[in-house]
Amino acid sequence: LNPTNQKINENVAYLIGVLNSDGYLGLFLDKKRNRKIYRLRIDVAGKSLPMVKKFEVIFNETFEKNVHVYDNQRWNRYEFGTSINQLRSFFKPLENGGIYPIMKLNPELFGAYLAGIIDGDGHVQKKNNKDRKIPQMRIEICGPNPLFEIKEGIERFTRSKVNFIKNKGENSYDTYFYVTGRNRHFLENFVIPHLALDYKKENLQKYLDLIK
C-alpha cells in the first residue's frame with residue numbers, strides 16, 4: 001500500500017490510530033539469522049481483544065497478509081506481531097506517532113483515526129461536577145508525550161480546546177478535550193461507528209444522549 005497512489009480509507013486510518021496508541025514499530029535483531037528485521041507489534045490486555053482483532057482483520061485485508069492474534073495465556077495478554085520489511089516505506093512515516101497529512105484534513109479519516117487512539121489509550125471520563133445538573137465528560141488520551149501532532153485536528157473537528165496535563169508521579173501525559181453539544185455530531189458520525197470496544201462506545205453514547 002502506497003499512500004501516494006492508493007487512498008487511505010477509514011479502516012486504514014483506524015489501524016494507524018491503534019498502532020500509534022498501543023503499537024510498536026522498530027528494528028528487531030534476529031539472532032538466528034544474524035540480521036535486523038523491521039517489525040510491528042501490539043500487546044494488550046484481555047479487555048482490548050476486540051480492538052486488536054479488528055486491527056488483525058484490517059491489517060490482513062489491507063496488506064494481503066495472514067497474521068493472527070496470539071493468546072499468551074501465561075501472561076493473560078493478546079499479542080499481534082509480524083515482520084514488515086517490505087512495508088517499511090508505508091510504516092516509516094508513522095513512527096513516533098506520525099500520521100499522514102491527508103488524515104488531518106478529512107473528517108472521515110480523522111474520526112476513524114481518533115477512534116483507534118481512543119480504543120487504545122483513551123478514557124471516556126466523567127468529571128465530578130457537583131454543582132452541575134449534568135456532570136461534564138471529557139475524552140482523555142494517555143501517553144508518554146502530549147499529542148501535539150494531532151492537536152490541530154482534534155480542535156478543528158471537535159470544536160473543542162485540547163489541553164495537556166502531566167500525570168503526577170508518572171512519566172506520562174493526558175491529552176484531553178470535553179464532550180459537548182458542539183462536537184456531538186462529529187463524535188456520533190465519525191468516531192463512535194469505528195470504536196471496537198463496546199464499553200467505551202456505550203459510555204460515550206449515553207452521555208451524548210443526555211446532552212441532546
Side-chain angles (χ1 to χ4, degrees), residues 7-23 44 47-55 57-58 97-143 145-167 172-212:
K7 181 179 179 181
I8 297 178
N9 60 29
E10 293 168 43
N11 280 336
V12 174
Y14 176 86
L15 179 148
I16 293 172
V18 172
L19 181 63
N20 282 358
S21 58
D22 268 341
V44 300
K47 65 179 182 179
S48 295
L49 178 60
M51 176 194 74
V52 76
K53 290 294 289 185
K54 179 175 178 177
F55 184 99
V57 171
I58 295 172
I99 67 174
Y100 285 108
I102 189 175
M103 294 166 56
K104 299 179 183 181
L105 304 174
N106 182 300
E108 289 87 358
L109 297 180
F110 191 81
Y113 171 81
L114 188 57
I117 288 283
I118 294 171
D119 269 346
D121 283 335
H123 301 277
V124 183
Q125 189 71 37
K126 188 177 293 185
K127 308 306 294 180
N128 293 322
N129 304 122
K130 297 181 180 180
D131 58 334
R132 299 175 67 97
K133 185 176 181 180
I134 300 178
Q136 287 180 300
M137 176 174 281
R138 68 188 193 188
I139 293 176
E140 303 173 351
I141 303 163
C142 184
N145 300 293
L147 298 182
F148 294 117
E149 178 76 15
I150 60 171
K151 175 180 184 293
E152 182 181 349
I154 295 176
E155 291 183 339
R156 174 185 296 113
F157 294 118
T158 68
R159 299 166 62 193
S160 300
K161 179 176 174 56
V162 171
N163 298 282
F164 307 112
I165 185 170
K166 190 176 189 301
N167 292 312
S172 66
Y173 295 81
D174 279 341
T175 298
Y176 69 89
F177 63 93
Y178 285 93
V179 178
T180 68
R182 293 194 307 275
N183 53 43
R184 186 180 71 236
H185 175 80
F186 176 75
L187 293 172
E188 284 188 328
N189 289 277
F190 301 113
V191 177
I192 287 179
H194 297 286
L195 291 172
L197 301 183
D198 286 341
Y199 70 96
K200 294 185 180 182
K201 178 185 294 188
E202 292 169 1
N203 196 14
L204 180 54
Q205 186 62 62
K206 285 180 181 178
Y207 184 78
L208 290 171
D209 290 340
L210 284 177
I211 62 174
K212 280 186 178 179

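In this text, all values refer to a predicted model and were calculated from it rather than measured experimentally. Residue indices begin at 1 and follow the sequence shown.
Looking at every heavy atom in both residues, Asn9 comes nearest to Asn11 through OD1-N, 3.1 Å.
Interatomic distance, Leu197 CG to Leu204 CG, rounded to the nearest 0.5 Å: 12.5 Å. To the nearest 0.5 angstrom, Leu210 atom CG is 6.5 Å from Lys126 atom NZ.
Residue pairs meeting the salt bridge (charged side-chain N to carboxylate O under 4.0 Å, His left out) criterion with at least one partner in residues 146-155, sequence neighbours excluded, are Lys104-Glu149, Lys151-Glu155, Glu152-Arg156. Applying the salt bridge (charged side-chain N to carboxylate O under 4.0 Å, His left out) test to residues at least two apart or on different chains, none of the pairs has a partner in residues 108-119.
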Apply side-chain contact (heavy atoms from CB on, under 4.5 Å) to residues Asp22 and Asp121 and explain how you reach the verdict. CA-CA 7 Å; Asp22 268 341; Asp121 283 335; 3.4 Å; yes
Criterion side-chain contact (heavy atoms from CB on, under 4.5 Å) on Leu195 and Glu202, from CA distance to verdict: CA-CA 10 Å; Leu195 291 172; Glu202 292 169 1; over 6 Å; no
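With Asn189 contributing its side chain and His185 its backbone, the two residues share a donor-acceptor pair below 3.5 Å. Asn183 places no side-chain N or O within 3.5 Å of a backbone atom of Phe157 that could act as its donor or acceptor partner. A distance-only check finds a donor-acceptor pair linking the side chain of Arg182 to the backbone of Arg159 [under 3.5 Å].
Within a 6.0 Å sphere centred on NZ of Lys166, heavy atoms belonging to other residues, nucleotides or ligands number more than 12. Within 6.0 Å of atom CG in Leu105, more than 12 heavy atoms from other residues, nucleotides or ligands are found, so the atom counts as buried in its surroundings.
Annotation: side chain of Ile150 is not in contact with side chain of Val162 (no heavy-atom distance under 4.5 Å). Between Phe55 and Leu19, the closest side-chain pair of non-hydrogen atoms falls below 4.5 Å. In this structure, Ile58 and Glu10 have side chains that are not in contact, with every pair of non-hydrogen atoms separated by 4.5 Å or more. Side-chain contact between Tyr113 and Ile99 is present, with at least one heavy-atom pair separated by less than 4.5 Å.
When the options Ile154, Thr175, Thr158, Val179 are evaluated for a side chain to side chain contact (heavy atoms under 4.5 Å, CB included) with Ile139, the one that passes is Val179.
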